[in-house]
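Numbering of ligands and ligand atoms starts at 1, following listing order. These values consider heavy atoms only, across backbone and side chains, with no hydrogens, waters or symmetry-generated copies. Note that the structure is a prediction, hence the values are computed from the model and not measured.
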Amino acid sequence: MGVGCSHLSLSLSPSAFPPFKAATTSRPSRYTNPFSSLPLNSTYSQYHYCPYTSFTMSLAPSSIPSQLAAWKPGGSDEVLSDEFLEKVVNDALVWSALHGLVVGDRSNSRSGKVPGVGMVHAPFALTPTPLPISYWRQACELAPLFNELVDRVSLDADFLQNSLSRTKNVDEFTGRLLEIHLQMLSLDKKEEIRLGLHRSDYMVDSETDMLYQIELNTISSSFPGLGSLVADLHRNVLEHYGKDLGLDSRNVPENPAVNQFAKALAKAWSEYNASSAVVMVVVQGEERNMYDQYWLSTVLKDKHGVASIRKTLAEIDVRGRVLPDGTLVVDGHSVAVVYFRAGYTPNDYPSETEWRARLLIESSSAVKCPSIAYHLVGTKKIQQELAKPDTLERFVENKDHVATLRKCFAGLWSLDNDEIVRTAMDKPELFVLKPQREGGGNNIYGTDVREMLIKLRNEGNDGLAAYILMQRIFPKDSLSYLIRDGISHTEKTISELGIYAAYLRNKDKVIINEQSGYLMRTKVSSSNEGGVAAGFAVLDSVYLT
Ligand code: ADP
Ligand code: MG
């Protein structure tokens, strides 16, 4: 069910369960915390110090049931039958198909271009993942603080240009973004209406019991639409089967992400104050995650009466212009708000055409979500710079807010810190090496960290500036049923919590600054990367404990 649908035909046969597939895990065994030996002037502040000197991690995977029926998410010893689980999975697949929890099916070549053709259910976890309520509250509390921080940092052009000055020499993509930023500075261009639709991602480190930020997305934060639906799906599953599963649907928090983001887009549109103008969604030429985007534009239209158009950067270059008063006009439509769901990766700029379109948008008076400055604030290099001692204080006056923000910063270093580079070569399993890229699949883990560091060192200093080093977080694993292509797999998994946040201001007036729903993503614990669209993780929701 829900597998390989198109708008007219649905497969009627239920999917069979595959034989149980055991998961493996590859975590380091006993090792010493290398951070304890860092110099005092290191960028790794005292807040990051893990108060342990050594700990044990088992190399052996924890015991996994030999068959699907032997495990129950509620933690009870009671055994669930295969028939029961098959029924729950089947119902969940039907629900997904009927409620639009879908993505384009890769096996259909038209599924990334034509809506309603070649849909398959989005990959999801059958039941929500437990999360202690204290972490939930902490992550929610951080949302408005990060919103303010992004806004403040975006106004400090020198900080952005200086922090990224070495990166731009070795990373052409970041260099091009900085060039547009500079051009706007030279025109003294001010963004008076500023809209941020962010997602801050976190993992809970099992050794320190700390909630750490993985990254802050300021461009193209994906899954507000489908993420909202997964919470609904889980509540539906638990309303029907909660007793047998030992789970209560009231513990799954509502997920208003799609409504909140649509509301923020609508408010930005009304601040722009041009009643016939539209919201323009900047999209990739082929987009299998189009339904997530369509959920947002549908709520925008149905609830707020705001029309939207979808255009690629190439189309905007050919069919767009900026009028002398600054109005962006594309295909005859005045554009009030530009919402980027493309433009975050070099792949979205195959030629000068796309860069011209980005510059055209930036030079217009339309509200950009994000502006070039907001985009730059979301780079991994800026995340690392903000983690340096005394840097947050430049942007945040309130000391409590500084402490709250800093508490979620994991260890982050630039590669001109010789000592940490040596430590990472020695213990690569404790680090993640990150280039200035978004969208999943770009980070380097394990022994590859050592090899890459050696290679970059041998090539000379500049290459190192393209990367940052991050402390690796090890979340506690649990068992989940992951449903992909109509097939259920029982896996050892780890989860990443994303908190959406919307921010809108017009000059001095803050109109919206709020937490706006969430996204839980769950992946096989042996997988390094975490993106759903990139094929590593499934969509999930939260079960508060
Ligand atoms: P991207 O912009 O590609 O999404 P991220 O920084 O979010 O980059 O990294 C991608 C994925 O890699 C994350 O979703 C997470 O699963 C994993 N990851 C990133 N940083 C860490 C870390 N410090 N420790 C453990 N896993 C990480
Ligand atoms: Mg990410």
Side-chain angles (χ1 to χ4, degrees), residues 25-28 34-35 44 48 50 57 123 129 146 171 173-174 177 198-208 210-223 227 289 340-348 370 375-384 386-387 408-413 420 424 427-446 448-449 466-477 491 493-500 518-540:
T25 187
S26 55
R27 284 176 24 163
F35 308 129
Y44 191 65
H48 304 139
C50 314
M57 285 175 155
T129 293
F146 273 115
D171 188 305
F173 178 62
T174 310
L177 296 176
H198 304 143
R199 200 188 69 224
S200 183
D201 293 333
Y202 304 93
M203 281 179 169
V204 177
D205 185 52
S206 56
E207 300 305 328
T208 53
M210 296 285 280
L211 179 93
Y212 285 129
Q213 184 182 53
I214 295 295
E215 67 158 347
L216 177 64
N217 299 283
T218 58
I219 183 166
S220 197
S221 304
S222 58
F223 293 115
N289 196 22
F340 284 90
R341 289 297 295 261
Y344 55 86
T345 150
N347 302 339
D348 291 341
H375 185 171
L376 290 169
V377 178
T379 56
K380 294 178 171 70
K381 179 66 189 167
I382 295 297
Q383 180 187 10
Q384 176 258 305
L386 289 171
C408 79
F409 289 178
L412 287 152
W413 303 271
I420 205 70
K427 304 259 181 208
E429 66 279 12
L430 299 186
F431 295 86
V432 182
L433 187 58
K434 297 191 176 188
Q436 306 306 308
R437 289 287 171 274
E438 302 294 327
N442 302 300
N443 298 337
I444 298 168
Y445 303 84
D448 293 347
V449 171
Y467 293 84
I468 62 155
L469 265 174
M470 184 171 181
Q471 167 193 355
R472 181 153 185 178
I473 315 301
F474 293 101
K476 189 162 159 256
D477 51 27
E491 302 278 8
T493 56
I494 54 177
S495 298
E496 183 170 352
L497 173 70
I499 297 288
Y500 293 108
Y518 66 97
L519 175 74
M520 192 71 150
R521 287 173 299 170
T522 291
K523 63 176 183 178
V524 176
S525 57
S526 55
S527 161
N528 292 324
E529 286 285 331
V532 174
F536 301 106
V538 303
L539 299 171
D540 197 352

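One N or O on the side chain of Q436 and one on the backbone of K381 form a donor-acceptor pair closer than 3.5 Å. K523 places no side-chain N or O within donor-acceptor distance of the main-chain N or O of I494, the cut-off being under 3.5 Å. Of the possible donor and acceptor atoms, none in the side chain of Y467 sits under 3.5 Å from a partner among the backbone N and O of N443. With hydrogens and angles ignored, the 3.5 Å screen pairs no side-chain donor or acceptor of Y344 with any backbone N or O of H375.
Ligand 1 is never approached by A410 to a heavy-atom distance shorter than 4.0 Å.
Shown in contact with G439 at under 4.0 Å from a heavy atom are these atoms of ligand 1, numbered in order with element: 1 (P), 2 (O), 3 (O). The R437 neighbourhood of ligand 1 comprises atoms 2 (O), with distances under 4.0 Å to a heavy atom of that residue. Residue contact check: M470 has heavy atoms under 4.0 Å from atoms 23 (N) of ligand 1. Listed by atom number, the atoms of ligand 1 under 4.0 Å from V432 heavy atoms are 21 (C), 22 (C), 23 (N), 24 (N). Listed by atom number, the atoms of ligand 1 under 4.0 Å from N528 heavy atoms are 12 (O), 16 (O), 17 (C).
Side-chain contact between Q383 and L216 is absent, with no heavy atoms from C-beta onward closer than 4.5 Å. With a 4.5 Å cut-off on side-chain heavy atoms, E491 and S525 do not count as touching.
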Kindly determine whether E429 and R472 satisfy salt bridge (charged side-chain N to carboxylate O under 4.0 Å, His left out), including the steps that lead there.
-> CA-CA 8 Å; E429 66 279 12; R472 181 153 185 178; over 6 Å; no

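Distances from atom 19 (C) of ligand 1 to the heavy atoms of Q383, K434, E215 put K434 nearest. Remark: among candidates I214, L412, I473, I494, the nearest residue to atom 24 (N) of ligand 1 is I473, based on non-hydrogen atoms. Between Q471, E496, R472, it is E496 that holds the heavy atom closest to atom 13 (C) of ligand 1. Checking F536, Y445, F474 against atom 12 (O) of ligand 1, the nearest heavy atom belongs to Y445.
Taking any N or O of K523, backbone or side chain, at least one lies under 3.5 Å from an N or O belonging to ligand 1.
Ionic pairing of R521 and D201 is present here: one or more N-O contacts between side-chain nitrogen and carboxylate oxygen are shorter than 4.0 angstrom.
Distance check, rounded to the nearest 0.5 Å: CD of Q471 to CD1 of I420 gives 9.5 Å.
Residue-level proximity to ligand 1 for N443 is carried by the side chain, the only part with a heavy atom below 4.0 angstrom.
Nearest N/O/S atom of E215 with respect to the Mg ion (ligand 2) is recorded as OE2.
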